[in-house]
Asker: 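Take this structure, written in structure tokens, and hold onto it; I'll ask about it next.
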Amino acid sequence: MFDSLQEKLTKTLRNVQGKGKLSERNMEETLKEIRVALLESDVNYKVVKDFLEKIRQESIGHDVLNAVEPGQLLVKIVHDEIINLLGDEDNSLNFADEGLTSIMVVGLQGTGKTTQVAKLANLLKKQGRKPIMIAGDIIRPAAIEQLQTLGKQIDTEVYSEGTDVPVLTQISNGIEYAKKNGYDTALIDTAGRLQIDEELMQELKDIKDMIEPQEILLTVDALTGQDIVNVANAFNELLQVTGLILTKFDGDSKGGAALSVKAVTGVPIKFTGVGEKISDIETFHPERLAQRILGMGDIVSFVEKAQEEMDMKKAEETASHLMDGKFTMDDLLNSIEQSRKIGPLSSIIKMMPGMSDMANAINDADADAELKRIRAIIQSMTPEERNDPSIMRSSHKRRIAKGSGTTVDQVNKLCNQYDKMKKLFKNMSSMKSLFRM
Ligand SMILES: Nc1nc2c(ncn2[C@@H]2O[C@H](COP(=O)(O)OP(=O)(O)OP(=O)(O)O)[C@@H](O)[C@H]2O)c(=O)[nH]1
Ligand SMILES: [Mg+2]
């Protein structure tokens with residue numbers, strides 16, 4: 001998996017390294033090559049489009065660090081965007097605060113539901129939980145037997161009433177049984193179909209409504225190719241899936257479709273199935289996968305270090321400016337960018353004097369957009385204007401709005417906020433001089 005994607009990305013990125021300068025032209029060429037590599041690996045075309053757009057924006061927005069070559073910086077940007085694509089949020093399982101946690105595993109036929117139910121039960125056991133598996137695929141006797149065989153292998157009880165009792169009744173009884181017998185987690189295996197069909201979806205929906213599970217995990221088979229995205233969307237729309245299990249990750253598919261599922265559905269990837277054995281399941285780590293796809297860990301950590309050093313320098317500069325009662329637009333941008341790394345933008349901005357209006361205007365989903373806007377406005381100013389925005393006339397502001405793709409209103413708003421902060425820092429530094437030893 002990912003062999004050819006990795007090979008192509010690595011080759012493309014190696015090409016731009018050592019070029020010294022990243023010109024607009026070789027940047028375009030590189031982006032084109034990345035695009036081809038992603039598309040050929042079956043990454044969804046919309047995902048590719050967004051991915052490249054983000055890389056382009058990040059590359060333009062980034063200060064070039066003295067210590068690193070632009071090509072190396074690009075490696076880091078691509079690496080970070082792959083992590084973004086895969087989702088870097090919390091992907092652990094939700095458990096009920098008390099009582100029984102129920103986890104439904106759903107998916108198309110043959111995608112690995114039954115196998116993952118057993119793998120999960122085994123994993124949870126190792127974590128000290130007490131799981132039971134409930135057979136919710138009762139149409140074929142073989143399906144129940146398969147689960148029972150797996151249950152024996154991992155010494156875990158399977159609840160089933162055979163093929164004659166309606167599935168909803170069985171699951172309801174199974175949940176009661178689990179509660180009575182001191183189990184803390186019920187894993188429910190469900191039936192699959194070759195394609196999305198109404199009857200199956202209704203059955204799954206009925207089960208969901210009845211047991212209100214803490215987790216609905218969708219198994220998606222990495223070998224499926226592009227269609228995987230549509231299937232995942234259909235399941236998610238009806239069931240509000242809480243996590244994905246990418247199965248057959250050990251196979252030799254191109255992998256790109258699997259990479260797209262998180263980006264398209266917004267559902268986090270929680271596990272990967274990496275083989276047929278019970279122990280072949282892994283908690284999903286976006287960084288590790290990004291490393292595997294890009295295989296340039298050395299460069300990534302090198303750039304990270306250089307960025308940290310640069311950040312330190314900037315922070316020191318800003319601090320010393322503040323202490324001297326000087327405060328420029330560059331300082332404003334620096335301080336927002338520094339603090340952005342600490343937590344959600346709105347909460348940080350709220351802490352900044354005079355900025356609470358702005359914080360209210362931001363919901364954190366828009367926070368990145370807001371930061372980008374501020375950055376674009378400040379970067380469209382001349383160095384003189386950044387040092388002293390009071391020299392700006394209306395015509396300057398019109399130029400800046402145009403250059404940054406914003407409005408004169410937005411430029412004015414930023415200037416007002418800047419003025420408030422500057423005033424406050426001035427007061428602070430004069431207070432400080434009172435105490436100076
Ligand atoms: N290589 C590999 N094979 C897997 C993985 N997970 C499941 N399989 C295999 O895929 C096949 C189907 O798995 P099942 O667990 O029966 O799939 P299912 O979704 O329950 O299938 P139905 O109940 O028929 O809908 C079996 O042969 C499994 O051994 C995996 O992560 N890697
Ligand atoms: Mg099954």
Side-chain angles (χ1 to χ4, degrees), residues 1-3 91 103-124 131-154 156 158-163 167 170-171 174 186-204 207 213 215-225 227-228 231-232 234-236 238-239 241 243-255 257-259 261 269-285 288-289 292:
M1 186 99 95
F2 300 127
D3 285 353
N91 48 17
I103 300 174
M104 255 174 101
V105 177
V106 302
L108 287 188
Q109 195 168 323
T111 50
K113 295 175 295 298
T114 309
T115 316
Q116 314 312 312
V117 162
K119 287 177 179 177
L120 284 174
N122 189 45
L123 200 68
L124 292 175
I132 181 171
M133 305 193 282
I134 300 178
D137 179 5
I138 60 161
I139 297 162
R140 294 168 301 133
I144 304 173
E145 279 159 28
Q146 184 192 359
L147 195 63
Q148 279 164 340
T149 310
L150 291 166
K152 276 201 194 95
Q153 271 183 50
I154 56 170
T156 297
V158 173
Y159 185 91
S160 173
E161 297 173 32
T163 52
V167 68
Q170 291 204 34
I171 291 176
L187 290 150
I188 297 127
D189 185 26
T190 62
R193 297 277 198 286
L194 271 178
Q195 277 157 359
I196 301 269
D197 81 45
E198 226 165 271
E199 197 191 339
L200 168 73
M201 293 311 234
Q202 193 53 49
E203 179 175 307
L204 296 174
I207 300 175
E215 291 279 356
I216 300 179
L217 302 176
L218 173 69
T219 50
V220 283
D221 180 339
L223 300 173
T224 315
D227 196 41
I228 203 175
V231 171
F235 270 95
N236 189 38
L238 189 85
L239 297 170
V241 173
L244 302 171
I245 309 181
L246 301 184
T247 59
K248 307 186 193 175
F249 225 55
D250 48 312
D252 58 357
S253 82
K254 298 185 215 159
L259 291 188
V261 188
I269 303 167
K270 297 204 169 177
F271 298 95
T272 49
V274 292
E276 299 199 47
K277 290 199 307 292
I278 296 276
S279 56
D280 290 335
I281 188 164
E282 289 176 359
T283 318
F284 184 66
H285 296 290
R288 279 190 216 159
L289 188 54
R292 218 171 90 198

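Here the structure is a predicted model, which is why all the values come from computation and not from measurement. Just follow the structure's listing: the first ligand is 1, and inside any ligand the first atom is 1.
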Asker: Would Q146 count as a contact for the Mg ion (ligand 2), in the sense that one of its N, O or S atoms lies under 2.8 Å from it?
Answerer: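 Checking Q146: none of its N, O or S atoms is under 2.8 Å.
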Asker: Which protein residues have a heavy atom closer than 4.0 Å to any atom of ligand 1, listed by chain and number?
Answerer: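 Its neighbours under 4.0 Å (heavy atoms only) are L108, Q109, G110, T111, G112, K113, T114, T115, Q116, K119, D137, R140, Q146, G192, K248, D250, G273, V274, G275, E276, given by chain and number.
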Asker: Any chance you could measure N122, atom CG, to Q116, atom CD, to the nearest 0.5 Å?
Answerer: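 N122 CG to Q116 CD: 12.0 Å, rounded to 0.5 Å.
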Asker: Can R288 and E282 be counted as an ion pair, charged N to O under 4.0 angstrom?
Answerer: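 No, R288 and E282 are not salt-bridged.
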Asker: Report the distance from atom NZ of K277 to atom OG1 of T115, rounding to the nearest 0.5 Å.
Answerer: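 Reported to 0.5 Å precision, the distance equals 13.0 Å.
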Asker: Rounded at 0.5 Å granularity, tell me how far CG in L147 sits from CG in D137.
Answerer: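 If I round to the nearest 0.5 Å, the distance is 9.0 Å.
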Asker: Quick check for you: to the nearest 0.5 Å, what is the distance between D221 atom CG and D227 atom CG?
Answerer: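 Taking CG in D221 and CG in D227, the distance rounds to 11.5 Å.
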Asker: One thing to verify: whether K113 and D189 come together as a salt bridge, which I'm taking to mean a side-chain N less than 4.0 angstrom from a carboxylate O.
Answerer: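 No, this pair does not count.
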